[in-house]
Amino acid sequence: MERSYDPSSLEKKWHEQWQDAGLYRTPDSEKERENFMLLTEFPYPSGNLHIGHWYAFALPDMLARYLRMTGRNVLYPIGFDAFGLPAENAAIQRGVHPEAWTRENIATMTEQLRSMGASFDWSRAVSTIDPAYYRWTQWMFLRFFEKGLAYRARTTVNWCPKDKTVLANEQVVDGACDRCGTAVQQQEREQWMLKTTAYAAELASDLQGLDYPESTKAAQRNWIGPSEGAEIIFRLNVPGQDDGKHSVAVFTTRPDTLFGCTYLAVSPELAKKWMDVGWEAPDAVRAYVDDALSRRELERLEREKTGVDSGVAAINPVNGGKVPVWVADYVLGSYGTGAIMAVPAHDERDFEFAEKFGLPVRQVIEPAGGDDSSGGSVYAGEGVLTNSGPYDGLDSAQARTKITAELASKGHGSARTTYRLRDWILSRQRYWGCPIPLISCKECGFVPVPDEQLPVELPPLDDFRPADDGRSPLAKAAGWVKAACPKCGGDAERETDTMDTFVDSSWYFLRYADPDNGGRFAGEDKIGAWLPVPMYVGGAEHNTMHLLYSRFWTRALNGLGLVPFAEPYLARRNHGVILGPDGQKMSKSRGNVIDPDEQVAKYGADTVRMYLAFMAPYEQGGPWDPKGITGVHRFLKRFWAFVHDRWESADGADSEDAAKAVHRANRDIGDDLANLRFNTAVSSAMIMLNALETETKVSRDLLRRMVRILAPMAPHMAEELWRGTLGEHESVHVQKWPEPEEDILREDEYELPVQVNGKLRGRIVVGRTDDERTAVAKALQSPDILRIIGEQSPKKTVFVAGRMLNILVDESH
RNA sequence: GGGCGAGUGGUGGAACUGGUAUACACGGGGGACUUAAAAUCCCCUGCCCGCAAGGGCAUGUCGGUUCGAUUCCGACCUCGCCCACCA
């Protein structure tokens, strides 16, 4: 008796069944099965699962299931990246404790994630807010601290003068506090930093060996931004001080233009440093620096170039020429040395500045061949040196080498590669993050909390706003802050900053290998069994920061001998974004949000999974089409009905076409899933069913095969058919992926398209092993072809076995 | 300004390594079933000419290589994403 397809009851039934049976619990090793951790980016527990989560998890789940069926011991882990600002906002707005809010969200989302029917191993679920997890975050931090990779430095933070609070970057909207609208200022403070730049060169060069999309590699390279050039030292004449007593280093990629330098420009940040060490700067300079430093970087970028003459003069080391030193905020304090040699003739920015302030422009490069010089008065390209004394006539590349070498020999500079990458500012003045396990002692400085006292747990607190002095809310937990110095035993204070949440996600994949280990972040044997990650699937928005931080973190651990590999992820694939039906990003305010729970209620999880797979290439994504999903739903209903109908009536035999249709789908779906081509995998299944529905002879063997190859895509329906209709006892998800049989797929005869002069003119039936001569002979008997070529005999023929035959004749008139 | 990528029917898209362009699906048209609707099923559906057979045109534009180009090369146009006063 045929039952109608009722996804809601059968899906629920199997979720419970799978869970009770521990179907997706993954052992650390299995006989004759290769371990494979298929990693996806663990979610932030916002409290509600959206369609993007389905895209991120349900589709890789198809790959996980396929890999399992083809003999791998697949770990498909899940967890929660659960520290972060929204929990604090909820606490402040609604009076819920951040932890309570977060834990509740985790509970809700766990249920929603289960409804997806993904093959997560929940027994290994990791949550970054568990002290048992962040204990190891702290432990790793201390190892970095001991090695000098974690250090303290002054940097600026966003400061709201009205709320008297430090703001995270995402709390600054158009330069204003997102709560009160007050203009945000910059404030300097001491922060903990991680020395990511120590690994900049390796992080850039080692990309080569990784199986990442080209765009991801480019994003990484771009972010690290290696730039080759030279550091050049200029002696300074500072009024009121001995000439040449001080000096400044500048970074340039164009030492060949050194003779064209007509002034130096230093960043306000560097000028401030000079003042701090005793420079008696003119009032105008002080005013300018104060003003520039109070502005946000974005604002500095947007306005017209400004600056002020510092009164200091610099000596060009290559010719002894004297040039003025200006302070200008178009120079970045955080890049290179914070100072530049300005060459207005060959740099747009310097030219703009020079023009505004009447500074000289001195041309020292002539475009090679003399052809160019089109456009404005600034030639920024390479060429031949002029007005450059002994270097005249050299080309830019030669001059760079020579000038740099001669400067180096006199101690006036050196070749240098500079990176755009900055050190990682780790400190956050926040409650809901991982505490930094250090104690500040007046006598001993910053002292690590002893390992055996880890984790340093977050103290209970009622008010989660940052303290009025801009310190973290933790500063308000007086009892917690007070501590004895682990070194001298004297009165001391705990560090009150917490860590950036990117820390938590920098090593979570390691914990999946050994989530319950109480003695180490993960046992060495477990790490050896599971890591590095062979495949990491995630959103393109994490191609820069998360990926880079995580790569850095792993490299740092590797440097300490704590993990036996430098790169955490051997392969990476990105997925696209699902947009609303209007083609816009989904948002409540636009009213274009597709709620996955509603879709599941209407069509079932299998339909939602398969529609997401079908709608577009995975790396691309695109708009959700409310009509489009019906096509997939119809397919599943037809598949269901087909298997039911045919199971009872099936006798032993298949028609040849039926067997071909199934084995072809068998092969194609396998290839497609293995390569994350989910859209064509679904299409292959549809083609199979379309072909079968008109076939009368379909055997039970063939039906079994059909159900198994559908299992990765529609796990619930496949299980119900397999164990219900087909009467099997073991889950379909522990079955072997069937091998498509070559004998069945091989065609003894096939239709060969025949072209005449490159135009398709007919088809002939040829044997699989027919050679060119046979094919041509057959073609020349075909009326379709004869009609075109008439009496002519072929001038030339091109034959591609299995593909086509092209017959070339003289064009008739 | 730099980097990466994409332009194929009314729509989402398919096409292996240069070899039958438009698979699969949505939408549309027609029909069956039904009192009706939903659901389901069948047929048609790139454009132009033609009753038909058939022919011509078409993968952003223009060129090139080739027996043959959506695919490779060059120039251009358009769009998207990421980065950006990085010296």
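All heavy atoms count here, side chains included; hydrogens, waters and symmetry mates do not. Every chain is numbered from 1 and lettered A, B, ... according to where its sequence line falls, protein lines coming before strand lines.
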Hits for side-chain hydrogen bond (donor to acceptor under 3.5 Å, both in side chains) against A:Lys660, two or more places apart or cross-chain, chain-then-number order -> A:Glu656, A:Glu747
By salt bridge (Lys or Arg N to Asp or Glu O under 4.0 Å) - contacts of A:Arg573 (at least two apart) = A:Asp211
Grab the N/O contacts between the protein and nucleotides 25-34 of chain B below 3.5 Å, and write none if there aren't any.
{"residue": "B:A25", "atom": "OP1", "partner": "A:Asn690", "partner atom": "ND2", "Å": "3.1"}
{"residue": "B:C26", "atom": "OP1", "partner": "A:Arg634", "partner atom": "NE", "Å": "3.2"}
{"residue": "B:C26", "atom": "OP1", "partner": "A:Arg634", "partner atom": "NH2", "Å": "2.6"}

Which residues share a side chain to side chain contact (heavy atoms under 4.5 Å, CB included) with A:Ala613, sequence neighbours left out = A:Leu59, A:Met62, A:Phe678, A:Val682
With A:Phe357, which residues qualify under ring pair (Phe, Tyr, Trp, His ring centres under 6.0 Å), at least two apart?
-> A:Trp326, A:Phe353
Please identify each residue that fulfils side-chain hydrogen bond (donor to acceptor under 3.5 Å, both in side chains) with A:Thr197, with sequence neighbours left out.
-> A:Asp423
Between the CE atom in A:Met341 and the OG1 atom in A:Thr262, the distance rounded to the nearest 0.5 Å is 10.0 Å
For A:Glu619, salt bridge (Lys or Arg N to Asp or Glu O under 4.0 Å) partners two or more places apart | none
Looking at residues 674-683 of chain A, who's got a heavy atom less than 4.0 Å off RNA chain B?
-> A:Asn679, A:Thr680, A:Ser683
A:Arg677: salt bridge (Lys or Arg N to Asp or Glu O under 4.0 Å) partners, not counting sequence neighbours | A:Asp672
With A:Glu352 via salt bridge (Lys or Arg N to Asp or Glu O under 4.0 Å) - residues at least two apart = A:Lys305
Contacts of type side-chain hydrogen bond (donor to acceptor under 3.5 Å, both in side chains), residue A:Glu695, not counting sequence neighbours | A:Ser655
Using the 3.5 Å cut-off, write out each protein N or O paired with an N or O of nucleotides 45-55 of chain B and the distance between them.
{"residue": "B:G55", "atom": "OP1", "partner": "A:Arg787", "partner atom": "NH2", "Å": "3.4"}

